Visitor: 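Following this message is one structure expressed as structure tokens.
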There are 2 protein chains.
Amino acid sequence: MAEKVTIYDISKKLKISAATVSRALNDNPKISAKTRELVLKTAAEMNYKQNRLAQALKSGRTNNVGVIVPYINRSFFSSVIRGIEEELSPHGYHVIICQTHEDVNNEIKQIDTLLNTQVDGIFMSVAKTTQDTSHIKKALAENTPLVFFDRKKEVKGLSSVVIDDFRGGYLATEHLIKQGCKKIAHFSGDLNVEIYKNRHQGYLKALKDNGITPLKRFSLQVNSKLESGISAIKDLWEFDEKPDAIFSSSDYAALGAIQELKQMGIKIPEDVCVVGFSNEPFTKYMELPITSVDQTPLEMGKIAAQVFLEQIEGSQTLTVEKQVILAPKLFVRNSSNRNL
Amino acid sequence: MAEKVTIYDISKKLKISAATVSRALNDNPKISAKTRELVLKTAAEMNYKQNRLAQALKSGRTNNVGVIVPYINRSFFSSVIRGIEEELSPHGYHVIICQTHEDVNNEIKQIDTLLNTQVDGIFMSVAKTTQDTSHIKKALAENTPLVFFDRKKEVKGLSSVVIDDFRGGYLATEHLIKQGCKKIAHFSGDLNVEIYKNRHQGYLKALKDNGITPLKRFSLQVNSKLESGISAIKDLWEFDEKPDAIFSSSDYAALGAIQELKQMGIKIPEDVCVVGFSNEPFTKYMELPITSVDQTPLEMGKIAAQVFLEQIEGSQTLTVEKQVILAPKLFVRNSSNRNL
DNA sequence: TATATTTTTGTAATCGATTGCACTAATTTA
DNA sequence: TAAATTAGTGCAATCGATTACAAAAATATA
């Protein structure tokens with residue numbers, strides 16, 4: 001068994017104090033070049049590895065950050081996490097992951113245990129049901145930087161990185177209008193959730209800017225499931241005046257819509273254009289690839305990490321909150337492309 | 001700013017020693033009920049939170065585990081990680097994630113820093129290119145349990161949880177035979193990688209068991225990309241004797257195959273059946289859903305976690321390695337289902 | 001009541017690294 | 001050469017919790 005080598009082992013071997021060893025290893029300028037060399041050489045020989053726990057206890061910094069998301073295996077979240085990891089790893093940070101399963105109670109627990117483990121920072125996308133933010137303010141109270149991504153809450157002093165959902169909604173709708181669509185229906189998610197509300201607003205604004213009066217009946221709350229997309233189409237088609245386009249806040253519902261429309265013999269994109277949101281991996285693999293708004297998750301993760309780093313490094317400055325809003329990207333594919 | 005409360009603060013307030021406080025908090029039976037109550041009550045009042053770093057330094061256990069995968073945002077890996085997290089979180093463990101980007105050098109670094117951070121255990125799926133295992137043996141030398149999942153290496157003393165890739169290959173091929181296919185081609189991955197080799201072996205065995213002589217030309221090395229599937233089909237169709245089924249070790253290549261076959265006007269599943277591997281989320285969403293072998297990633301993660309827990313808890317027993325082999329599940333869908 | 005036991009609590013070392021302060025040795029200055 | 005700096009090291013406390021051992025308090029026994 002490899003016994004752990006400590007600075008005391010080195011100090012004994014060299015008959016110098018542990019303090020000197022520590023200083024030599026940390027490139028402290030007060031140490032003579034000769035001693036430093038000797039210590040470094042010996043440390044290498046003895047296969048010394050710094051005990052990060054001891055160091056963390058002393059310094060109060062663990063070099064760990066926590067990421068809290070609803071589910072890690074959702075394509076969007078795992079990509080954001082990847083971005084965070086890739087940006088932070090070169091700086092010596094490790095990423096700890098936590099899942100809330102969209103439940104505030106778990107969120108509360110996770111924040112607690114993360115703060116307890118003394119993470120140097122927290123990244124989070126709040127659960128859909130989260131209303132109260134007192135558990136989030138704890139991080140602030142303990143002086144642990146917290147950065148929201150995608151799903152944020154308004155808490156003074158906390159930074160966030162989100163995409164411009166309004167613009168995403170606007171882009172998608174505008175694109176549909178340019179394709180010649182005039183009766184555009186929108187599948188929104190729960191309008192109490194900020195991101196869905198914003199996408200909806202963007203949709204409305206684009207219509208108005210183009211002289212189209214939005215029809216109340218064309219805004220449906222549809223949750224993020226294939227089946228919901230199917231039944232939403234059925235509902236819409238009960239009326240005489242049918243839409244000539246669907247802009248869905250969810251790729252899954254968009255897919256359901258496409259399946260149902262095809263079922264009914266409706267041609268896409270000739271008769272009806274369909275646009276989704278999130279740019280889920282499957283959208284581009286479909287036989288009829290689906291146009292979708294990309295949320296640039298990888299970039300979002302990287303930028304969130306940068307915001308955290310700025311906050312940590314420049315601790316001089318009083319904690320300044322930073323609100324980054326990324327531009328969404330529309331990927332036009334066949335489900336809405338009439339210019340082929 | 002909330003000052004951190006320590007057991008010393010409690011001991012001062014109650015005028016008892018920190019040792020007593022510590023014992024009371026840890027339910028040590030040597031403490032009188034009265035004192036315990038008092039301490040617990042006071043601790044709650046003062047909002048005491050144990051410093052896990054100090055405890056970790058003392059005990060040598062951090063309650064952190066590391067997971068090393070090629071990329072976290074691959075559907076399969078993120079699902080395994082989810083399984084690990086969900087199984088371990090109730091036991092108080094946190095999960096640290098690391099990516100290798102399929103590069104052994106990163107793998108080496110990651111193991112090093114994880115051991116350095118004193119994780120209590122490591123889960124890993126090795127990079128495709130990994131040959132030498134000396135970096136992995138370091139964990140063993142430091143007495144840190146390491147559990148392989150999916151992609152393993154033979155290292156004495158290390159446990160693993162994998163699926164029965166041979167059986168997966170066998171199942172898929174057998175299914176195709178039952179559909180009446182007789183000329184089944186196989187897209188394998190790199191045959192130097194164990195999992196691909198095993199799937200290939202399973203394919204061969206199923207053919208033989210059913211009296212079909214495998215054709216060398218029908219075993220192609222195709223990497224896990226849509227485009228590769230397309231060109232593989234082109235290659236196969238240059239010969240007169242065409243296959244009547246494709247069993248691909250990759251869902252992406254299977255998808256490419258389907259696209260190209262359709263392009264050529266070939267009917268699926270009537271003329272050619274197609275089966276993929278991994279049960280990627282997109283397979284079930286396709287207009288023509290793709291039959292695929294599921295690797296039960298969530299379960300794999302959970303079981304890997306259980307193996308780790310057994311190893312940690314029953315530290316009495318000498319480290320016994322455990323090799324778990326999970327059964328793959330075939331999800332039959334329209335790309336290979338002629339019995340509709 | 002005096003002594004033996006058992007409970008309960010306190011003292012101090014430990015985990016490994018860091019760092020302010022003090023001290024010695026080496027160098028510079030007068 | 002003596003005094004004043006400067007450079008290089010060591011001592012010991014610290015981060016917060018745990019725990020063997022010692023000691024004190026409470027209880028049981030004679």
Side-chain angles (χ1 to χ4, degrees), chain A residues 2-40 42-43 46-64 92 113 115-120 142-143, chain B residues 2-40 42-43 46-64 92 113 115-120 142-143:
Chain A
E3 289 302 313
K4 298 261 161 81
V5 180
T6 73
I7 53 171
Y8 296 95
D9 298 322
I10 300 179
S11 78
K12 256 177 232 155
K13 181 154 186 176
L14 296 180
K15 293 191 182 124
I16 57 180
S17 77
T20 303
V21 176
S22 170
R23 282 191 268 251
L25 292 170
N26 288 303
D27 266 349
N28 186 312
K30 300 193 152 193
I31 291 293
S32 71
K34 213 196 309 172
T35 317
R36 190 193 338 276
E37 297 293 302
L38 184 61
V39 170
L40 289 178
T42 315
M46 298 177 74
N47 193 30
Y48 166 79
K49 292 280 158 57
Q50 195 190 44
N51 183 323
R52 288 185 66 217
L53 283 179
Q55 197 197 350
L57 176 60
K58 190 83 226 301
S59 68
R61 308 184 68 231
T62 54
N63 280 281
N64 287 154
T113 72
L115 289 176
N116 232 193
T117 335
Q118 326 261 90
V119 289
D120 294 344
E142 298 210 5
N143 234 355
Chain B
E3 288 302 313
K4 297 265 162 79
V5 181
T6 72
I7 51 171
Y8 295 96
D9 299 321
I10 301 180
S11 79
K12 255 177 232 154
K13 180 153 189 177
L14 296 180
K15 293 190 181 123
I16 58 179
S17 76
T20 303
V21 175
S22 169
R23 281 189 271 250
L25 291 170
N26 288 302
D27 264 348
N28 187 312
K30 300 195 153 189
I31 291 292
S32 71
K34 215 195 313 172
T35 317
R36 194 197 332 276
E37 297 295 301
L38 184 63
V39 170
L40 290 179
T42 315
M46 299 177 72
N47 194 28
Y48 167 78
K49 290 282 159 55
Q50 194 191 44
N51 183 322
R52 288 184 68 218
L53 282 179
Q55 197 196 354
L57 176 59
K58 190 83 226 300
S59 69
R61 307 184 68 230
T62 53
N63 279 281
N64 286 155
T113 73
L115 290 176
N116 231 194
T117 337
Q118 325 262 89
V119 290
D120 295 342
E142 297 210 6
N143 234 355

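Only a predicted model underlies this, so the values are computations on that prediction, with no experimental measurement involved. Lettering of chains follows the sequences in order, A, B, ..., and the numbering in each one begins at 1.
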Visitor: Please pick, from C:dG16, D:dG8, C:dT19, the nucleotide with the shortest atom-to-atom distance to any side-chain atom of A:Asn51.
Guide: C:dG16
Visitor: When all nucleic acid strands are considered with a 4.0 Å heavy-atom cut-off, which category describes B:Leu53: base, sugar-phosphate, or nothing?
Guide: nothing
Visitor: Please tell me if A:Ser22 has a side-chain N or O lying less than 4.0 Å from either OP1 or OP2 of C:dA17.
Guide: no
Visitor: Can you tell me if B:Asn64 uses its side chain to pair, donor with acceptor, with the backbone of B:Gln118 under 3.5 Å?
Guide: no
Visitor: Could you tell me how far apart B:Ile7 (CD1) and D:dT14 (P) are, to the nearest whole angstrom?
Guide: 15 Å
Visitor: The side chain of A:Tyr8 is closest to which nucleotide in this list: D:dT19, D:dT18, C:dG16?
Guide: C:dG16
Visitor: Tell me the interatomic distance from A:Arg61, atom CZ, to C:dA17, atom P, rounded to whole angstroms.
Guide: 18 Å
Visitor: Grab the CG-P distance between A:Asp9 and C:dG16 for me, whole Å please.
Guide: 9 Å
Visitor: Would you mind classifying the nucleic acid contact of B:Ser59 as base, sugar-phosphate or nothing, using non-hydrogen atoms under 4.0 angstrom?
Guide: nothing
Visitor: Does D:dA17 have its OP1 or OP2 closer than 4.0 Å to a side-chain nitrogen or oxygen of B:Tyr48?
Guide: yes
Visitor: Please report the distance, rounded to the nearest Å, between CD in A:Gln55 and C1' in D:dC15.
Guide: 12 Å
Visitor: Which heavy-atom pair separates B:Ile31 from B:Arg36 by the least distance, and what is that distance?
Guide: O-NH2, 3.3 Å
Visitor: Please report, rounded to the nearest Å, how far the P atom of C:dG16 is from the CG atom of A:Asn26.
Guide: 17 Å
Visitor: Give me the atom names and distance for the closest heavy-atom approach of A:Arg61 to A:Asp120.
Guide: CA-OD1, 3.5 Å
Visitor: As a test of reading the structure: which of C:dG16, C:dT8, D:dA17 is closest to the side chain of B:Leu57, going by heavy atoms?
Guide: C:dG16
Visitor: Closest heavy-atom contact between B:Ser11 and B:Ala18?
Guide: CB-N, 3.6 Å
Visitor: Just to be sure I understand the rule, does B:Ile16 reach a base, reach only the sugar-phosphate, or reach nothing, if contact means heavy atoms closer than 4.0 Å?
Guide: sugar-phosphate
Visitor: So which atom in A:Leu57 and which in B:Leu53 form the shortest heavy-atom distance, rounded to 0.1 Å?
Guide: N-CD1, 4.0 Å
Visitor: For C:dT18, does OP1 or OP2 lie under 4.0 Å from any side-chain N or O of A:Gln50?
Guide: yes
Visitor: The side chain of A:Ile31 lies closest to which of these nucleotides: D:dT9, C:dT19, D:dA17?
Guide: D:dT9
Visitor: Expressed in angstrom and rounded to an integer, what is the separation of B:Met46 atom CE from D:dG16 atom P?
Guide: 13 Å
Visitor: For the pair made of NZ in B:Lys30 and C1' in D:dC21, what is the distance, rounded to whole Å?
Guide: 10 Å
Visitor: How many whole angstroms separate atom CZ of A:Arg23 from atom C1' of C:dG16?
Guide: 16 Å
Visitor: Measuring to OP1 and OP2 of C:dT9, would you say a side-chain N or O of B:Thr20 lies under 4.0 angstrom away?
Guide: no
Visitor: Tell me which nucleotide among D:dT19, D:dG10, D:dT14 gets nearest to the side chain of A:Lys58.
Guide: D:dT14
Visitor: Choose from D:dA17, C:dA17, C:dT8 the nucleotide whose nearest atom is closest to any side-chain atom of A:Ala54.
Guide: C:dA17
Visitor: Does the base of D:dG16 carry an N or O that pairs as donor and acceptor with the side chain of B:Arg52 under 3.5 Å?
Guide: no
Visitor: Does C:dG16 have its OP1 or OP2 closer than 4.0 Å to a side-chain nitrogen or oxygen of A:Thr6?
Guide: no
Visitor: Could you tell me which non-hydrogen atom of B:Thr62 sits nearest to which non-hydrogen atom of B:Arg52, and how far apart they are?
Guide: O-NH2, 3.1 Å
